[in-house]
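For this chain, numbers begin at 1 and follow the sequence in order. Note: hydrogens, waters and symmetry copies are ignored here, and every other heavy atom, side chains too, is used. Here the structure is a predicted model, which is why all the values come from computation and not from measurement.
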Amino acid sequence: MSESVPGPAPEVFAPHEAPVSPPQASEEVEFVQLLTPEGERVEHPDFTFDLDDETIKGFYRDMVLVRRIDSEATALQRQGELGLWASLLGQEAAQIGSGRALNKKDMVFPTYREHGVAFCQGVNPLNLLGLFRGVDQGAWDPKDNNFHLYTIVIGAQTLHATGYAMGQQRDHAIGDAENGEATIAYFGDGASSQGDVNEAFIWASVFNAPVVFFCQNNQWAISEPIDRQTRIPLYQRAAGFGFPGIRVDGNDVLATYAVTQQALKRAREGSGPTLIEAYTYRMGAHTTSDDPTKYRLNEDLEHWKLKDPIERVHAYLSRHAGVDHDFFDEIDAEGDKIAAELRAGCLALPDPVLTDFFQNVYVEETPQLAEQRDQFAAYAASFEGEG
């Protein structure tokens with residue numbers, strides 16, 4: 001019987017006892033960047049942004065309005081008008097840049113934080129608030145805006161997106177980089193650890209599905225830092241599944257647009273999936289039920305405020321594009337107007353008839369569902385008349 005030789009003791013990781021810092025975007029982090037935090041345009045050998053300053057002004061407007069919608073929704077939740085809200089603060093460039101790269105035939109599968117992409121696709125922000133207010137289960141038709149319902153189950157939408165993309169493939173909707181169809185699936189760095197996401201990668205790769213996997217790496221999966229999700233940059237995982245991966249400065253709306261546009265064209269022409277890692281930072285809480293001060297350092301937040309996606313576009317437009325203060329003031333005023341209308345609309349949303357939620361489960365009602373509905377109705381009626 002041979003004697004076993006003990007190897008080195010395994011490394012033991014203790015739970016974090018104090019806030020920790022994830023890797024910061026610096027010279028050591030390589031990504032595609034076309035607009036620096038100081039608002040300077042820079043060159044990249046593989047990606048270019050060749051649209052005019054009017055387009056960049058449009059991107060600026062999009063980001064400001066989406067941030068204003070986001071802040072109003074957060075305020076509504078704090079005042080008890082929404083049950084929950086997942087803020088996108090700090091991720092506006094990743095969402096607007098990728099959202100504006102879509103064509104009218106592309107389909108979006110979001111998480112519960114893609115308010116900016118929803119805005120690009122023409123979804124009424126009030127419909128988003130209805131979901132978080134609990135008066136409906138998502139009051140928009142995905143067919144109207146090519147924007148699927150928000151997915152709460154972490155990572156599940158990547159499988160939905162892969163299946164939809166395979167349908168586009170079988171419908172012969174690909175083959176034209178400009179006018180064909182593609183699908184884009186959004187998820188976060190924490191979701192990259194889910195089995196659903198990795199299974200979606202396998203299926204998309206093997207079947208060469210026309211899907212773009214867009215990971216917004218905002219450094220934190222609730223309270224877990226990125227180094228608890230991976231030992232390598234997330235975009236490098238794509239190579240193991242057999243398709244390209246690219247990391248982009250997620251706070252740079254120009255670079256995000258350029259990278260996503262190229263990945264979508266690649267999918268539409270039939271060249272298969274791409275993984276985009278948008279390297280950004282969640283400047284707010286994970287949701288309004290979260291307190292990020294318990295697990296991350298304030299110094300990190302201050303560091304990333306200097307890379308604010310809106311401020312760098314503001315700097316470019318004011319210093320290099322000759323845009324005056326009136327333009328910025330008009331956008332701010334438009335944001336205030338939208339926020340006021342959103343607040344009024346939210347408060348006016350009618351309370352739902354709770355038994356209606358049982359109507360949209362199956363095409364034809366099952367006996368079990370009817371029994372559950374009747375039991376719930378009897379339970380709710382038992383409270384009538386109580387003061």
Side-chain angles (χ1 to χ4, degrees), residues 35 54-78 82 84-102 108-133 138 140 145-150 184 186 188 214 216 218 248-257 260 278 280-288 304-305 307-317 327-346:
L35 185 68
E54 286 300 313
T55 301
I56 299 176
K57 288 169 67 177
F59 288 169
Y60 177 85
R61 174 182 177 273
D62 290 339
M63 290 192 292
V64 170
L65 296 186
V66 165
R67 180 173 289 188
R68 187 66 182 87
I69 291 167
D70 183 68
S71 65
E72 191 65 26
T74 299
L76 283 164
Q77 194 283 329
R78 297 304 189 202
L82 300 180
L84 189 75
W85 183 251
S87 174
L88 57 64
L89 183 64
Q91 298 177 221
E92 294 88 355
Q95 295 195 19
I96 297 302
S98 60
R100 288 305 182 196
L102 296 161
V108 179
F109 285 81
T111 70
Y112 44 78
R113 200 187 302 274
E114 269 66 65
H115 320 312
V117 186
F119 182 85
C120 292
Q121 293 295 94
V123 177
N124 188 337
L126 186 59
N127 285 339
L128 307 180
L129 266 61
L131 176 64
F132 287 96
R133 190 172 170 85
W140 65 93
N145 305 91
N146 279 22
F147 187 84
H148 207 270
L149 296 174
Y150 275 4
I184 187 167
Y186 289 86
F214 193 95
Q216 291 177 86
N218 65 17
V248 63
D249 181 352
N251 285 19
D252 176 356
V253 69
L254 307 189
T256 304
Y257 175 89
T260 308
T280 181
Y281 190 77
R282 192 193 78 212
M283 293 174 67
H286 174 72
T287 68
T288 46
W304 279 89
K305 282 182 178 180
K307 304 175 184 294
D308 187 286
I310 295 178
E311 290 303 318
R312 72 173 67 186
V313 180
H314 187 289
Y316 169 76
L317 291 175
F327 169 78
F328 302 111
D329 292 342
E330 289 171 5
I331 299 300
D332 289 341
E334 184 181 2
D336 290 340
K337 181 175 182 293
I338 289 175
E341 293 173 349
L342 187 64
R343 170 173 288 272
C346 178

Inset, instruction - May I have the step-by-step check of side chain to side chain contact (heavy atoms under 4.5 Å, CB included) for Arg282 and Leu89, ending in yes or no? - result: CA-CA 6 Å; Arg282 192 193 78 212; Leu89 183 64; over 6 Å; no
Legend entry - No-hydrogen, no-angle side-chain donor-acceptor test under 3.5 Å, Asp70 and Trp85: yes
Inset, instruction - Check each of Thr280, Asp308, Thr256 against Asn251 using the side chain to side chain donor-acceptor pair (under 3.5 Å) test, and report the only one that passes. - result: Thr280
Legend entry - Distance, nearest 0.5 Å, that separates CD1 of Ile310 from CZ of Phe59: 14.0 Å
Inset, instruction - Look at Lys305 together with Glu311 and state whether they make a salt bridge at an N to O cut-off of under 4.0 Å. - result: no
Inset, instruction - Determine whether the side chains of Gln91 and Asn218 contain a donor N or O and an acceptor N or O closer than 3.5 Å. - result: yes
Inset, instruction - Output, in order, the C-alpha distance, side-chain angles, deciding distance and verdict of side chain to side chain donor-acceptor pair (under 3.5 Å) for Arg113 and His286. - result: CA-CA 10 Å; Arg113 200 187 302 274; His286 174 72; 3.1 Å; yes
Legend entry - Heavy-atom pair with the smallest gap, counting every atom of His148 and Trp140: O-NE1, 3.4 Å
Inset, instruction - May I have the step-by-step check of side chain to side chain contact (heavy atoms under 4.5 Å, CB included) for Arg61 and Leu65, ending in yes or no? - result: CA-CA 6 Å; Arg61 174 182 177 273; Leu65 296 186; 3.6 Å; yes
Inset, instruction - Kindly write out the residues that satisfy salt bridge (charged side-chain N to carboxylate O under 4.0 Å, His left out) with Glu341, not counting sequence neighbours, or none if the list is empty. - result: Lys337
Inset, instruction - Validate the cation-pi geometry between Lys307 and Tyr281: distance from NZ or CZ to the six-membered ring centre under 6.0 Å, angle to the ring axis within 45°. - result: no
Legend entry - is_close_aromatic(Tyr316, Tyr60), centroid dist under 6.0 Å: no
Inset, instruction - First locate atom CH2 of Trp304, then atom CE of Met283, and finally report the distance between them rounded to the nearest 0.5 Å. - result: 10.0 Å
